[in-house]
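What you see is a predicted model; the values in this text were computed from it and never measured.
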Amino acid sequence: MRPLPFACVAAVFLAVCDDGSSPTSHGEVDDTPVRVGFLVSGVRTYLNGATIAVDEVNGRGGLLGRTVELVVRTGLEEAEAAVEAAEAMIGTDRAVALIGPNRSSHAIEVGALAQRRGVPMITTAATNPGVTAAGDLVFMAAFTDQFQGRVMAEFAAGTLEVSAAAVLTERGNVYSEGIGEFFIDRFRESGGAIVAEESYERGATEFAAQLAPIAAAAPGAVFVPVRAEDVALLAAEARALPVHDAAGEPALLLGADAWDNAALLEGGGAAVDGSFFSTHFSPDTDEPTARAFVDAYLARYAIPPTGGDAVSYDAVRLFLEAAARAGSLEADAVRLEMLATRQYAGATRISHYDDDRHPTKSAVIMTIENGVKRFYRQVDP
């Protein structure tokens, strides 16, 4: 078994009664914090969004008269480590809910554990629709890849008027392969042709073997739903090769929410200029609740939040609001209130949950201009 990754605990304690405690059903006082597990993979800022949500509820007196405490595990690079961390949160830390993980491959495995242990779970940036298949206690805060793939396929075929596209994915990655298939199906339904399908192994740093056949097919766009770090590398190779369309113009690079990471701009440079990708929200939003989140984030961290930060904030808030409405931390009571969610407004908006516990919500498309990520359009479901 692997050792548990680095762990940290974030907690803010405020008095919620005259003596800082709350009565139990037996007339006793329960002043223990409500512990909520938060799991995140990679070096990401997603914890920032979750922390803001916890600080907000504690600033209003906590949840059910008790302070809320995040139990955090970061740096989870393998699904096995995520499951081990979640088990420790439930068994040792007594977490009453799990928030995350952000990777679909991890969330699928952790979801099975959460369902088995009877603990509600709300994923953050995980987008594969299979994430909730484990059972009725598992919910998503992000849109699904089925929706995201459709958004980018219709955008490519319609708005960008691309008639021929290629797809490059990471082999064996549930997220990458899944959204790639959704894009392919919808692009073909929209009248486009998929002229090349290539994949690479995780950890690759050179992509000539995949880009050469793509270049030979002369696509108008290449859909690359992979990690931002990989995009930064392969984009430079694609421009140098070069990958051009039939008219001799550089093929457009298209991506998904995994691109919404500082590593894309830090490593991609001019090679990613002119690209488009879908994500969960834009920090340029003028929605009141989203604007409040952005302002709080900027004030605390001095950088704009990403889409992953936004859905991390929302996932925590969704659980806290459901538990508050239920008046209970009991799993089934929270589940019923999650299903009853209507017109949630936070960093992002959720109309409602469907029978698979997938949220009905919008996506945004961002573009990159002169090394800066900019809002392009919102796409409603």
Side-chain angles (χ1 to χ4, degrees), residues 44-45 125 143 148-168 179 183 187 192 207 211 214-215 219-245 247-287 290-291 293-295 297-298 301-311 347-348 362-380:
R44 296 181 182 271
T45 55
F143 47 57
Q148 184 176 203
R150 175 172 68 80
V151 164
M152 290 308 294
E154 292 177 352
F155 176 68
T159 303
L160 301 178
E161 298 183 341
V162 172
S163 59
V167 176
L168 177 58
I179 191 173
F183 176 90
F187 189 73
F207 305 91
L211 290 172
I214 290 175
V222 186
F223 184 55
V224 194
V226 301
R227 294 181 180 92
E229 296 86 349
D230 292 354
V231 177
L233 295 174
L234 66 85
E237 287 193 44
R239 297 314 183 203
L241 191 58
V243 178
H244 281 175
D245 63 17
E249 296 295 324
L252 293 168
L253 297 181
L254 308 178
D257 64 301
W259 284 34
D260 197 0
N261 185 306
L264 179 71
L265 301 179
E266 291 169 358
V272 295
D273 266 3
S275 301
F276 296 90
F277 64 93
S278 53
T279 189
H280 307 280
F281 106 129
S282 166
D284 298 325
T285 179
D286 57 4
E287 291 275 355
R291 190 72 247 160
F293 165 70
V294 173
D295 291 345
Y297 196 102
L298 287 169
Y301 302 109
I303 56 174
T306 67
D309 302 331
V311 290
T348 67
S362 302
V364 299
I365 295 176
M366 307 293 286
T367 189
I368 302 170
E369 297 178 355
N370 300 316
V372 178
K373 178 180 67 175
R374 300 189 185 282
F375 173 80
Y376 189 80
R377 71 167 48 166
Q378 178 172 303
V379 181
D380 297 323

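The closest donor-acceptor contact from the side chain of S275 to the backbone of V272 lies under 3.5 Å.
For the atom pair CZ (F293) and CD (E287), the distance works out to 14.0 Å, reported to the nearest 0.5 Å. Note: I365 CD1 to M152 CE = 5.0 Å, rounded to the nearest 0.5 Å. Rounding to the nearest 0.5 Å gives a distance of 9.0 Å between CG of D273 and CZ of R239. A distance of 6.5 Å separates CG in L168 from CG in L211, rounded to the nearest 0.5 Å.
By the ring-ring contact (aromatic ring centres under 6.0 Å, His included) test, F207 is found to be paired with Y200, residues two or more places apart in sequence or in another chain being considered. For F187, the ring-ring contact (aromatic ring centres under 6.0 Å, His included) test picks out F183, with sequence neighbours left out.
No side-chain heavy atom of D309 sits under 4.5 Å from any side-chain heavy atom of Y301. With a 4.5 Å cut-off on side-chain heavy atoms, L254 and L160 count as touching. Between P219 and I214, the closest side-chain pair of non-hydrogen atoms falls below 4.5 Å. Looking at heavy atoms from C-beta onward, V364 lies in side-chain contact with F375 at the 4.5 angstrom threshold. Within the 4.5 Å cutoff, no side-chain heavy atoms of R227 are placed close to those of W259. Taking 4.5 Å as the limit, every side-chain heavy atom of I368 sits out of range of all side-chain heavy atoms of M366. Between F155 and V379 there is no side-chain heavy-atom pair separated by less than 4.5 Å. Counting only heavy atoms from C-beta outward, the side chains of D286 and R291 never approach each other to under 4.5 Å.
For residues 363-372, the set of pairs meeting the side-chain hydrogen bond (donor to acceptor under 3.5 Å, both in side chains) definition, not counting sequence neighbours, comprises E369-R374.
Using a cutoff of 4.0 Å between basic side-chain nitrogens and carboxylate oxygens, R150 and E154 are scored as salt-bridged.
The minimum heavy-atom distance linking G371 with L265 is given by the pair O-CD1, 3.7 Å. Of all non-hydrogen atoms in Q148 and A256, the two that sit nearest each other are OE1-CB, 3.2 Å. The shortest non-hydrogen separation linking S362 to D380 is OG-OD1, 2.5 Å. When all heavy atoms are compared, the tightest approach of A228 to N261 is CB-CB, 3.7 Å. Pairing each heavy atom of G307 with each of T279, the nearest pair is CA-OG1, 3.9 Å. Taking all atoms of both residues into account, the shortest heavy-atom contact from A290 to A347 is CB-O, 3.3 Å.
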What do the steps show when you test V224 against V167 for side-chain contact (heavy atoms from CB on, under 4.5 Å), and what is the final call? CA-CA 6 Å; V224 194; V167 176; over 6 Å; no

Could you go through L264 and E229, starting from their C-alpha distance and side-chain angles, then the distance that decides it, and tell me whether this counts as side-chain contact (heavy atoms from CB on, under 4.5 Å)? CA-CA 6 Å; L264 179 71; E229 296 86 349; over 6 Å; no

Residues L252, V222; criterion side-chain contact (heavy atoms from CB on, under 4.5 Å); working and verdict: CA-CA 6 Å; L252 293 168; V222 186; over 6 Å; no

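Tested against F281 for a side chain to side chain contact (heavy atoms under 4.5 Å, CB included), the candidates T306, D260, V294 yield a single pass: V294.
Using the six-membered ring where Trp is involved, Y376 and F276 have ring planes that are perpendicular, over 60° apart on the 30 and 60° scheme.
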